[in-house]
Every structure is written in C-alpha cells, then in structure tokens.
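In what follows, a single structure is set out as structure tokens and then discussed.
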Amino acid sequence: MTGRILMNTRQKVFQSGFKLLNISGLGRFMAPMTQGCGAVFMMHHITPPRTDTFQPNRHLAITPEFLRFAVNRIRSKGYEILHLDEAIDQLKMGYGRKRYAVLTFDDGYKDNLEQAYPVLKELGAPFTVFVTSGLIDRTSELWWLAIERLVAANSELVITEGSEKGPISCATPEEKDRCYEHLMDVLGREVGEEEQRAIVRALAARYGLDLTALADEYMMTWDDLRQLAADPLVTIGAHTHDHYALARLSAEAAEGDIDHGAHRIEQELGLRPKHFAYPYGKPYSVCDRDAEYLEHAGFASALTTFPGVLNSTSAKTPMKLPRVSLNGRFQTSDTLDQYLTGAPFALYRAASWLTGSLRFTSSFSHLFPSTR
Ligand SMILES: [Zn+2]
C-alpha cells in the first residue's frame, strides 16, 4: 500500500472512529471521568484551503471558518475561553471550579495576524502566540516548509551531507509523500539539530530556494507582533530562538536557545514572556532537565504537544502541560466534540499502555501527528 493510500485509509478509519464515538455515546459516557477541567488548543496556520495535492503539513492548517466554528462550539459546550494566564491561575486555585479553554498558536505565522486575528477579535476570544524569535529575525530556518517546497518543486533531490547520500526520487505524488516523510525522519530524528540545519541550507542553496524569502512569505515581522501584542486579547509567549528540539541539545545549548528567544521578545516588544511552548513538543524534544530550567527561569507555564486535556494532574505539572491539536485533516464537529470529552486521549493512552507495541502505537499516533 502506498503512503498516500495508507494515509487516506487511516484518515477514513479515524474519522469513522470519531463518528462512532459520537453516535455510540461512548465519548459522552466517558466524559465525566475523562474531560478534566479544560483544554489548551494548539494551532499553527489559519488559511483558506489549498488546492494543490502535495500538502504534507496539511494537519497544521485549519480554515478561518473552522476556527470560528470551533470557538463558538467550545463556548456552546459551556467552556469559557480564557487568557493562558487566567487558566494557569484557575489550575493553581484548584480543580473543577469552572470549565475553560485556551487558544494557542505556535511559531508566529503571518496568517495568525491576517486570518485568525480578525475572527478572534470579532468573537472577543483571547489567544496566545508562541514566537520563534529567530524566524522573526529571519536568521533561523523554516526547515520543514523548506523541505516541502524542495520536494514539491523537484523530481529528484541529491543530498551530499550527513549519512544520507545520493539521489532520492520525488517525481510522482507517491514518491513526494515518501521522500518528504523519509527526509523528516532523517532530519528530525537521525542527525543532530545543527547538522539538520546545515543539510537544509545546503539543499536550499543547491536547488535555488531562498530561505529568507520563505520566512518573509510565512512569518510575521516584529512590527506585526507589536500590533498583536498591543491588543489586550493577545498574549505573546516564547518558543525558543532557533526552534531546536531542546531535549536533543546539551543543557547549555538548550538553556541558550530558551534565553535567547525570551530575550529577543523582551527587546522587541518590551515584555518578558511568561509562558513557553516547547518546539515540536513531543517526548523526544521535551525533558525534565529543560522543564526545571524553565521554572527556574521564571516561566509560569510550559506547553507540550502531549495529547490531552487539563485535569487534576496538570496542576502539579505546569511545566509540561498537554494540548489538544486542532488537526487540519479532521476539521469536523464530531472530532471537536470528542476532543472536549477527553475520551480519545484516554483511549489513546490506554491503548498505548495495553499493547506496548510500537506498530500499534505508531499507527494510532497518526491521530496526533508530528507538530512543529
Ligand atoms: Zn513550533
């Protein structure tokens, strides 16, 4: 089965799964045990749907219409949309006083200002943008989108750096999917963080992709961020300077990336960020060492992308809070309703624990795919 067919099949299975949870009432039945006191929603891009077929980062983009629908739906289910600060206060004050949701956007994309902000402003919904300062400075690499562009524009990629040498074919849609997934594995997990960027810079130079122009196209400027930060609805959080997977760095390098990011935000916007989101936010990029450092550095919270809702445990782990990713592949009311019950996350954890099987977990984890 090719990657594309497999992905479509999985997507249909999971969509049916959400529908089944809804129709069977299992999610609602489990909700009193699993829904906790609230949820921190994670988003990346807010854009109108794209029409091209090769969209490996499609899970990171939802439409402005779905954002509006989601906010109204979350409120209609009795959740108050709070500033992240208020949510952390609620967590500290004790579990179960009220039900609340927090809206967060990672990285600092221009579409957050152009597409999401008008919707959230109109709805009076507070939100947080976690800013990768090196991308706003245009000194860091938007590497996952660079790879998407390179795979889309070429029929073959020749890599001469690192352990991955030789041409990789990416002519057909199936080859493009395979090539992208392969390169993400190699660059995201096999080579070091510095080497990853060196390989991406070399590839961009070889195939004529201007990385600064790519960042100009996608990322906000400091002026854009000043405009957002001036609105009391908006909280600006830190997301490191270079968007490295911190747990893969030495302690010194990780602390340096955290400090540099917070410092640049303070320099440009005149305020020290109080909240932090780990780049990627998965177990391979989040560790106790950095959680302790973030607390020591004065952050009030740090958000992972571990899938889950806020509950009594979250109050004890403010430096490793879970989030609910609004996945662009599942922009449906069934999915959103089920997320709010907390049932899919409880079932996911139970399934992972019961099987302990990498294959099963890896297949199931497509519900909660890689984030950036
Ligand atoms: Zn990120």
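Just so you know, ligand 1 is whichever comes first in the structure, and atom 1 is the first atom listed for that ligand.
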Would you check if the side chain of Ser155 reaches a backbone N or O of Cys170 as a donor-acceptor pair within less than 3.5 Å? no
N, O or S from Arg372 under 2.8 Å to the Zn ion (ligand 1): yes
Tyr280 backbone acceptor or donor facing Thr305 side chain under 3.5 Å: yes
Is His239 close enough that one of its N/O/S atoms sits under 2.8 Å from the Zn ion (ligand 1)? yes
How long is the straight-line distance from CZ of Phe130 back to OH of Tyr278, given to the nearest 0.5 Å? 11.0 Å
Metal site the Zn ion (ligand 1): N/O/S of Asp107 inside 2.8 Å: yes
Cation-pi check for Tyr284 against Arg248: NZ or CZ below 6.0 Å from the six-membered ring centre and within 45 degrees of the axis, yes or no? no
